[in-house]
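Heads up, the thing below is written out as structure tokens.
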2 protein chains.
Amino acid sequence: MSYGDAMNARTRSEERRAEIVRAALEVIAERGYRGASLAAVAERVGLTQQGLLHHFPTKDALLVAVLEERDRWDAVPAGSWRVDLLTSLVEYNAMRPGIIQTFSALLGESVTEGHPAREYFTERYTRVRESMAVALRAEYGERLPNGLTPERTAPLLVAVMDGLQYQWLLDPESVDMPGAFRDFLRLLGEEA
Amino acid sequence: MSYGDAMNARTRSEERRAEIVRAALEVIAERGYRGASLAAVAERVGLTQQGLLHHFPTKDALLVAVLEERDRWDAVPAGSWRVDLLTSLVEYNAMRPGIIQTFSALLGESVTEGHPAREYFTERYTRVRESMAVALRAEYGERLPNGLTPERTAPLLVAVMDGLQYQWLLDPESVDMPGAFRDFLRLLGEEA
DNA sequence: AACGAAACCTACCGCTCACCAGGCAGCCGA
DNA sequence: TCGGCTGCCTGGTGAGCGGTAGGTTTCGTT
């Protein structure tokens, strides 16, 4: 195997796949997973539907790649979040409605029966709740208001982030997502 | 309850429509709106697809009826909520996963472009936020923690309810939705 | 008994979907 | 220079979609 060249076959193929995944993210944001046709994704990267199927043999395989992309995207730095970085994350999200829309649409679909992303989201939320509990403990210890534990607070934190996203996507003018999130954090850090 | 006698034509037609809407709620819960075929809804009430189209001329017309049903369902008693009744509402919801699933799936779809329920949800959330602000002011006055106003707290309250629903639908064993909601309310009512 | 409307049907249409089969061009290592 | 593999194409298929057209049965009203 030679590796001197600027771009070997494997690299080029991975580039192509990455392009396709990017296009799929867009189309899913616009039409949801069920509404996203392979043809629409293919057209966006200048392929025919069958050309796309060469890289991803089924529609579900493409979805798997999309979900893996998401895992890469918000991979926890050094294994755990810090609460103040969450604020930055929300602010960053507020500048990228596309990504938020993609995964909000997918989350909504995933609660329906037999949806191919259901298991992914179930496991993801288990993981994220645990991760958030760790972050909350690091920030507040056991001194959360009203004797709340980090484990009981984590689902609320996650719910606020998700719920705000829906309200914000529907009506960005009326909902200050980062501001509201900061308000929530202030509820946790009972002020000195 | 037999139809033949004490029921006039109009009443029977309305009964039929109500049956269809109920079936549509089920099918949407299972497959989302895009995934819900008229044929599937029709079969559930013992009709052909065209028999259904006699009562609702288009698929969108059926969706409108579904959304109207929801408005009737959670119509605010006497014009405004009381915060303690929200707890009961959440507890009640936790016993009816079907309804929650229907509207969580619809909410998720609604953020996609040109979705027929988008406007409905946008306006609904505007209304609900206002309604919640009123309820919060009635309960806590201006004395929310950290100088939060009812208007700024309302989006958080709504976000928590919605966000918890998704986590709960995906993994009811791991998420105590009513308990978590009570935790959130306890964050608002700073103790004593 | 006669009539008209409501309820529901069969048949059909054009379209879109995910996916299969088979072929062909171009590049790469041998 | 050749063989094979990768990338992508044309062509086609069966199923399912929402919706139309037009007929037939049912039934309350008169």
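Note that the coordinates shown come from a computational prediction; the quantities given were computed from them, not determined experimentally. Proteins get letters first, then strands, A, B, ... in listed order; numbering begins at 1 in each.
Comparing D/dG7, D/dT20, C/dC8 by their closest approach to the side chain of A/H54 singles out D/dG7.
B/A65 pairs by the side chain to side chain contact (heavy atoms under 4.5 Å, CB included) definition with B/V21, B/F56, not counting sequence neighbours. A/E173 pairs by the salt bridge (Lys or Arg N to Asp or Glu O under 4.0 Å) definition with nothing, not counting sequence neighbours. For the salt bridge (Lys or Arg N to Asp or Glu O under 4.0 Å) test, no residue two or more places apart in sequence or in another chain qualifies with B/E113. Among residues two or more places apart in sequence or in another chain, the side chain to side chain contact (heavy atoms under 4.5 Å, CB included) test is passed with A/I99 by A/L25, A/W73, A/F103.
B/S37 and B/R31 form no side-chain donor-acceptor contact under 3.5 Å, judged by distance and modelled atom types alone. Using modelled atom types, one finds no donor on one side chain facing an acceptor on the other under 3.5 Å when comparing B/Y166 with B/D171.
Side chains of A/L53 and A/Q49 form a contact here, defined as non-hydrogen atoms less than 4.5 Å apart.
Phosphate proximity of D/dC8 to A/H55: present, with a side-chain N or O under 4.0 Å from OP1 or OP2. Contact between the side-chain N/O atoms of B/S13 and the OP1/OP2 oxygens of C/dA6 is not found at any separation under 4.0 Å.
In summary, the aromatic rings of A/H115 and A/Y33 are positioned with their centroids under 6.0 Å apart.
Going from atom NZ of A/K59 over to atom P of C/dC19 covers 8 Å, rounded to whole Å. Look at CZ on A/R12: it is 9 Å from P on C/dC27, rounded to the nearest Å.
Inter-axis angle, ends of the helix from C/dA1-D/dT30 to C/dA30-D/dT1, five pairs per end, rounded to 10 degrees: 10°.
A heavy atom lying under 4.0 Å from DNA chain D marks the following residues of residues 27-50 of chain A, by number: A/L47, A/T48, A/Q50.
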